[in-house]
Undergrad: 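I have a structure I would like to understand better, so I am pasting it below and will then ask my questions one at a time.
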Amino acid sequence: MKQLRFSGSGGQGVITAAIILAEAAVNEGKQAIQSQSYGPEARGGASKAEVIISDKPIYHPKVLAPDILLAMTQQAAEKYCHDLKEDGLLIIDEDLVPTPPSFKNTISVPITRLAVEEIGKSLFANIVALGAVVHATGLVDFETIKACVADRVPPHTIDQNMKALQVGWDAVKK
């Protein structure tokens with residue numbers, strides 16, 4: 001079983017990214033539970049989405065200690081890293097988390113910058129992040145996540161989202 005927490009600020013799309021990951025896991029025959037919470041602000045407030053993926057039934061729907069934490073902002077890193085497992089993986093947007101918490105397994109990717117430079121809009125940062133998470137963790141197959149992204153995003157943005165997913169994937173060095 002793997003427990004993941006995607007965190008950032010409202011409007012960054014972390015909830016959508018978590019939903020897509022959970023769908024991909026289910027499409028591969030795994031068990032998955034996804035939950036979310038966000039502050040009262042529609043945009044700018046703290047938001048988090050959690051996913052539990054397992055090959056066996058999941059009896060507790062809440063992430064107790066994440067194995068993987070994606071932090072898209074400094075505030076999110078500080079607020080949500082307290083219970084990351086000691087040997088867990090922290091994935092950060094290196095430009096928006098200038099002072100990352102100290103964890104031995106940290107992957108820094110310029111997620112938002114890549115979205116702007118490679119795709120043209122920060123709107124695609126969540127899919128860049130999703131590509132990075134999938135490559136870093138191997139939780140689902142790349143072809144599966146591509147299909148789930150294509151099913152979830154507006155049809156006129158599929159090409160940009162496919163590029164964003166690939167950019168995120170390529171940004172992680174195994």
Undergrad: According to ring pair (Phe, Tyr, Trp, His ring centres under 6.0 Å), does anything in residues 76-99 pair up with another residue at least two apart or in another chain? List the pairs.
TA: none
Undergrad: Lys48 versus Phe6: any side-chain heavy-atom pair under 4.5 Å?
TA: no
Undergrad: Taking only residues two or more places apart in sequence or in another chain, which ones pass side-chain hydrogen bond (donor to acceptor under 3.5 Å, both in side chains) with Ser7?
TA: none
Undergrad: Supply the atom-to-atom distance Ser9 OG to Gln74 CD, rounded to the nearest 0.5 angstrom.
TA: 12.5 Å
Undergrad: Does some side-chain heavy atom of Leu123 sit less than 4.5 Å from a side-chain heavy atom of Thr157?
TA: no
Undergrad: Quick one: name the residues clustered hydrophobically with Ile58, using the 4.5 Å side-chain heavy-atom rule over I, L, V, M, F, W, Y, and just say none if it's on its own.
TA: Met1, Ile33, Ile52, Val63
Undergrad: When you look at Ile119 and Val128, which way does the side-chain contact (heavy atoms from CB on, under 4.5 Å) test go after all the steps?
TA: CA-CA 10 Å; Ile119 298 93; Val128 172; 4.2 Å; yes
Undergrad: Please report the closest heavy-atom contact between Ser108 and Ile92, naming both atoms and the distance.
TA: OG-CD1, 3.4 Å
Undergrad: Nearest 0.5 angstrom please: Glu143 CD to Cys148 SG, how far?
TA: 11.5 Å
Undergrad: Can you list the steps and then say if Ile127 with Ile20 is a side-chain contact (heavy atoms from CB on, under 4.5 Å)?
TA: CA-CA 9 Å; Ile127 304 300; Ile20 293 169; 4.0 Å; yes
Undergrad: Would you name the heavy atoms of His156 and Gln160 that are closest together and state the gap between them?
TA: O-OE1, 4.1 Å
Undergrad: If I take atom CD from residue Gln166 and atom CD from residue Glu118, how far apart are they, to the nearest 0.5 angstrom?
TA: 11.0 Å
Undergrad: Starting from Val97, can I reach Val133 by hopping between I/L/V/M/F/W/Y residues whose side chains sit under 4.5 Å apart?
TA: no
Undergrad: Do Leu114 and Phe142 share a hydrophobic cluster (ILVMFWY, side-chain heavy atoms under 4.5 Å, transitive)?
TA: yes
Undergrad: Identify the two heavy atoms, one from Ala115 and one from Ala125, that lie closest to each other, and give their separation to 0.1 Å.
TA: CB-N, 3.6 Å
Undergrad: Any link between Val149 and Leu139 through a network of hydrophobic side chains (Ile, Leu, Val, Met, Phe, Trp, Tyr) touching at under 4.5 Å?
TA: yes
Undergrad: Which residues pass the side-chain contact (heavy atoms from CB on, under 4.5 Å) test with Asp159, sequence neighbours left out?
TA: none
Undergrad: State which residues pass side-chain contact (heavy atoms from CB on, under 4.5 Å) with Ala25; sequence neighbours excluded, sorted by chain then number.
TA: Lys30, Ala32, Ile53, Val140
Undergrad: If you apply the rule side-chain contact (heavy atoms from CB on, under 4.5 Å), what do you find for Val172 with Val109, and how did you get there?
TA: CA-CA 7 Å; Val172 172; Val109 177; 4.2 Å; yes
Undergrad: Just so I know, are the side chains of Leu89 and Ile107 near enough to count as touching, which here means a heavy-atom distance under 4.5 Å?
TA: yes
Undergrad: With Ala129, which residues qualify under side-chain contact (heavy atoms from CB on, under 4.5 Å), at least two apart?
TA: Leu70, Met72, Ile111
Undergrad: Any side-chain hydrogen bond (donor to acceptor under 3.5 Å, both in side chains) involving residues 144-154? Give me the pairs, sequence neighbours left out, ordered by first then second residue.
TA: Glu23-Arg152, Glu28-Thr144
Undergrad: So do the side chains of Thr137 and Lys2 get within less than 4.5 Å of each other, counting heavy atoms only?
TA: no
Undergrad: What closest approach, in Å, do Ala22 and Gln34 show between heavy atoms, and which atom pair accounts for it?
TA: CB-CB, 3.9 Å
Undergrad: Could you go step by step and tell me if Thr73 and Gln12 meet the side-chain contact (heavy atoms from CB on, under 4.5 Å) rule?
TA: CA-CA 10 Å; Thr73 65; Gln12 284 185 306; 3.5 Å; yes
Undergrad: What heavy-atom pair brings Ile158 and Ala150 nearest, and what distance separates the two atoms?
TA: CD1-O, 3.7 Å
Undergrad: Of all residues at least two apart in sequence or in a different chain, which pass the salt bridge (charged side-chain N to carboxylate O under 4.0 Å, His left out) check with Lys121?
TA: none
Undergrad: Would you kindly confirm whether Val14 and Val167 end up in one hydrophobic cluster when ILVMFWY residues are joined by side chain heavy atoms under 4.5 Å apart?
TA: yes
Undergrad: Testing the basics here: between Ala76 and Ala71, what is the closest heavy-atom pair and its distance to 0.1 Å?
TA: C-CB, 4.5 Å
Undergrad: Dump the intermediate steps for salt bridge (Lys or Arg N to Asp or Glu O under 4.0 Å) on Arg113 and Asp93, then the final yes or no.
TA: CA-CA 9 Å; Arg113 180 172 11 124; Asp93 186 324; over 6 Å; no
Undergrad: Heavy-atom distance under 4.5 Å between the side chains of Leu69 and Ile91, does that happen here?
TA: no
Undergrad: Lys56: what forms a salt bridge (charged side-chain N to carboxylate O under 4.0 Å, His left out) with it, not counting sequence neighbours?
TA: none
Undergrad: May I ask you to say whether Lys104 pairs ionically with Glu86, meaning some side-chain N is under 4.0 Å from a carboxylate O?
TA: no
Undergrad: Among all residues two or more places apart in sequence or in another chain, which pass the side-chain contact (heavy atoms from CB on, under 4.5 Å) test with Ser122?
TA: Thr112, Val116
Undergrad: Transitively linked via ILVMFWY side-chain contacts under 4.5 Å: Val134 with Val153?
TA: yes
Undergrad: For Asn105, give me all partners under side-chain hydrogen bond (donor to acceptor under 3.5 Å, both in side chains), at least two apart in sequence or on another chain.
TA: none
Undergrad: Checking Asn126 now: which residues fulfil side-chain hydrogen bond (donor to acceptor under 3.5 Å, both in side chains) with it, not counting sequence neighbours?
TA: none
Undergrad: Take the angle between the ring planes of His135 and Trp169 and call it parallel below 30°, perpendicular above 60°, tilted in between.
TA: parallel
